[in-house]
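Reading through the structure tokens given below for one structure.
Naming convention: chains lettered A, B, ... in sequence-line order (proteins, then strands); numbering from 1 in each chain.
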There are 2 protein chains.
Amino acid sequence: MAASLQENNPLETDVEAIEHVMLQLGWATHRQLHQELAEFNLTVSQFAAMRALQGFDEGSTMSELAEAARQISATMTGIVDRLVESEIVTRQRDPGDRRTLRVSLTEKGVGLLEKVKEKKRVQLRQFLEGISPTERKIFVRVIGKYLDVVYG
Amino acid sequence: MAASLQENNPLETDVEAIEHVMLQLGWATHRQLHQELAEFNLTVSQFAAMRALQGFDEGSTMSELAEAARQISATMTGIVDRLVESEIVTRQRDPGDRRTLRVSLTEKGVGLLEKVKEKKRVQLRQFLEGISPTERKIFVRVIGKYLDVVYG
DNA sequence: TATTGTTATACTCTATAACTATA
DNA sequence: TATAGTTATAGAGTATAACAATA
């Protein structure tokens, strides 16, 4: 029955194929990144926070940062504690509203982030060289749509 | 300078675009899954272990399971402890070699895994309906190549 | 002695609830 | 009173190193 459903419904065949490949991708990506970041004494959550901070030129508040990195603020407090300890970010009171904190990447943080990203780019170049320009364009567009639908 | 490099080198432009989108995808996927699994009282690592167990009809040893789920065995011991506690898997001595353990999904475990996967399929169908069959085929093939290159 | 797996330890992440300081 | 953020607490994941049981 499942077989005949699939024969008559190519969408459903693709759903199963993509379900498997996306779950595989998600976990493999996470574990791989976890191990690569260990060489830099970083965790995946810390790296996500560092990436999120790139988007804020004037420094981010704790709440903005938590939202951008998909965490709650209590969790982000601990993550930033350790990034401050490692001198990767600074956390300073906003003079205008002393309840608010401004978190910014230090020079060291910016450099470290760039180093990690360059390492990832090496893998990506190898991957992209194996697919055609058309496939590349479609891939980027389709991943964008995936993000919209699943996390939009 | 970076701009002129990119103008003359479409590959490098794609590297930057895909670097961003893949890191975004990796973290968003992880956090989303973490939150969705909480409703089932599961963690992402437990779910990865459950998925890995599907591939073993006769039950998996701890070392096989650890490798399939990309963990070391000491970590897997703790994960399986909690899956046994929740009656999602069983862990039994192999009579032929009493050093070895055989881990298998219970009926409850199989059912729970199917429930989670069906929930993910609902999102996937919505996504796939928004892209053409050609794009789907390319997407599956390209993701497969990505997995080969990056985690090969 | 070699292999299979667990235990001990230390640290990080995570969510919830209660709390402090400032507005 | 409302807002921004931290602290306290409890549980889970992770790697390393030392250990026990079996072959």
Looking only at dT14(D), dT22(C), dA23(D), the nucleotide nearest the Arg98(A) side chain is dT22(C)
Check the side chains of Gln123(A) and Glu36(A) for a donor-acceptor pair under 3.5 angstrom, ignoring hydrogens and angles. yes
Whichever of Met76(B) and Gly78(A) has the more 5' nearest nucleotide on DNA chain C, that residue is Met76(B)
OG1 (Thr61(A)) and CE (Met76(A)) are apart, to the nearest 0.5 Å, by 10.5 Å
Rounded to whole Å, the CZ-P distance (Arg82(B) to dT14(D)) equals 9 Å
Q. Does OP1 or OP2 of dG13(D) have a side-chain N or O of Gln46(B) closer than 4.0 Å?
A. yes
Q: Using distance alone, with no hydrogens and no angle criterion, decide if Gln35(A) and Arg70(B) have a side-chain donor and acceptor under 3.5 Å apart.
A: no
Next item on the list: For Lys117(A) and Gln54(A), test the side chains for any donor-to-acceptor distance below 3.5 angstrom and give the result as yes or no.
Entry: yes
note: Leu65(A), atom CG; dC13(C), atom P; distance rounded to Å ~ 13 Å
Where do N or O atoms of nucleotides 1-5 of chain D meet protein N or O atoms at under 3.5 Å, pair by pair?
from   : atom 1 : to        : atom 2 : distance (Å)
dT3(D) : O4'    : Arg99(A)  : NH1    : 3.4
dT3(D) : O2     : Arg99(A)  : NH1    : 3.1
dG5(D) : OP1    : Met62(A)  : N      : 3.2
dG5(D) : OP1    : Leu101(A) : N      : 3.0
dG5(D) : OP1    : Leu101(A) : O      : 3.4
dG5(D) : OP2    : Ser63(A)  : N      : 3.0
dG5(D) : OP2    : Ser63(A)  : OG     : 2.1

Residues at least two apart in sequence or cross-chain that pass side chain to side chain contact (heavy atoms under 4.5 Å, CB included) with Ser104(A), listed by chain then number, are Thr90(A)
The reported gap from NZ in Lys119(B) to CG in Leu33(B) (rounded to nearest 0.5 angstrom) is 10.0 Å
The side chain to side chain donor-acceptor pair (under 3.5 Å) partners of Glu118(A) (sequence neighbours excluded) come to Arg121(A), Arg125(A)
**OP:** Scan Ser45(A) against the nucleic acid and name what it touches under 4.0 Å (heavy atoms): base, sugar-phosphate only, or nothing.
**Re:** sugar-phosphate
When rounded to whole Å, the CH2 to C1' distance for the pair Trp27(B) and dT14(C) reads 10 Å
Worksheet item: Should Gln71(A) be listed as having a side-chain N or O under 4.0 Å from OP1 or OP2 of dA15(C)?
Response: yes
Of Thr75(A) and Gly96(A), the one whose nearest nucleotide on DNA chain C sits closer to the 5' end is Thr75(A)
From CD of Glu39(B) across to C1' of dT14(C) the rounded distance in Å is 16 Å
Indicate, with a heavy-atom threshold strictly under 4.0 Å, whether Ala74(B) touches base, sugar-phosphate, or nothing. base
Salt bridge (charged side-chain N to carboxylate O under 4.0 Å, His left out) filter on Glu87(B), not counting sequence neighbours, yields none
To the nearest angstrom, the NE2-C1' distance between His30(B) and dT12(C) comes to 12 Å
inquiry  = So that I can tick it off, tell me whether Asp94(A) and Arg99(A) are bridged by a salt bridge, with the cut-off set at under 4.0 angstrom between side-chain N and carboxylate O.
reply    = no
In whole angstroms, the gap separating P of dT14(D) from NE2 of His34(B) amounts to 12 Å
query: Is the distance from OP1 or OP2 of dA15(D) to the nearest side-chain N or O of Arg31(A) less than 4.0 Å?
result: yes
Between CG of Asp81(B) and C1' of dG5(C) the distance, given in whole Å, is 11 Å
Within residues 51-58 of chain B, the residues having a heavy atom closer than 4.0 Å to DNA chain C are none
Inset, instruction - State whether Thr43(A) places a side-chain N or O below 4.0 Å from either non-bridging phosphate oxygen (OP1 or OP2) of dC13(C). - result: yes
N/O donor to acceptor pairs below 3.5 angstrom from side-chain atoms of residues 41-52 of chain A, sequence neighbours left out:
from     : atom 1 : to       : atom 2 : distance (Å)
Thr43(A) : OG1    : Gln46(A) : N      : 3.1
Gln46(A) : OE1    : Thr43(A) : N      : 3.2

Separation of dT14(D) atom P from Asn41(A) atom CG, nearest Å, is 18 Å
